[in-house]
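Structure first, commentary second.
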Amino acid sequence: QQPGVSGPSSGAHALRLHLVMIPPGTRGMPHFHAAGETAIFVVSGEADVWHGPGLGKRSSVRAGDFLYVPPGTPHLAVNRGEVTSIAVVGHADPADQPGAVVIELPRHLAALSSYPVASGE
């Protein structure tokens, strides 16, 4: 279990808040939250975030940036920089819904499979 705010750590019903660290040259898992919103605040570093249907859009985020991900929207972060990317991530997932739903990496992003998945992501 990751440190942060969640049902098990605080009694929260739908709110999940945690720190995500993506070391240089690593990535997260492509996923979505079926019924919950996601808000991301980048504390340090930078990352490319693919999002939207088929992970078809790319946004570059860096320290001080916010990113909103609507419910059901696939997203994937990749750190191609030289320092660890650190972000505070908040999810509003109803307690009766599963958390993240992992999806396959789309064919057009196959080159990203060479990046290892960050530990704890």
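Predicted, not measured: the structure shown is a model, and the values here were computed from it. Computed over heavy atoms, backbone and side chain alike; hydrogens, waters and symmetry mates excluded.
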Measure the shortest side-chain to side-chain distance between [X] and [Y] over non-hydrogen atoms and say whether it is less than 4.5 angstrom.
| X | Y | result |
| --- | --- | --- |
| Thr26 | Val117 | no |
| Leu112 | Trp50 | yes |
| Tyr68 | Thr38 | no |
| Leu15 | His91 | no |
| Val78 | Leu76 | yes |
| Val49 | Leu67 | yes |
| Pro30 | Leu55 | yes |
| His75 | His31 | yes |

Closest contact, heavy atoms only, [X] versus [Y]:
| X | Y | result |
| --- | --- | --- |
| Gly25 | Pro116 | O-CD, 3.3 Å |
| Gly81 | Pro24 | O-CB, 3.3 Å |
| Gly45 | Val83 | CA-CG2, 3.9 Å |
| Ala35 | Pro71 | C-CB, 3.9 Å |

- Is the backbone of Tyr115 close enough, under 3.5 Å, to the side chain of Arg27 for a donor and an acceptor to pair up by distance?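 At least one qualifying donor-acceptor pair exists.
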- Message: Tell me whether Asn79 contacts the main-chain N or O of Ile22 through its side chain, where contact means a donor paired with an acceptor under 3.5 Å.
- Response: yes
For residues [X] and [Y]: do they belong to one hydrophobic cluster (side chain heavy atoms under 4.5 Å, members Ile, Leu, Val, Met, Phe, Trp, Tyr)?
| X | Y | answer |
| --- | --- | --- |
| Val43 | Met21 | yes |
| Phe66 | Leu17 | yes |
| Leu19 | Phe41 | yes |

- Message: Restricting to side chain to side chain donor-acceptor pair (under 3.5 Å), what partner residues turn up for Ser59, sequence neighbours left out?
- Response: His51
- Would Ser60 and Arg62 satisfy side chain to side chain donor-acceptor pair (under 3.5 Å), going step by step from the backbone distance to the final call? CA-CA 7 Å; Ser60 294; Arg62 65 180 75 156; over 6 Å; no
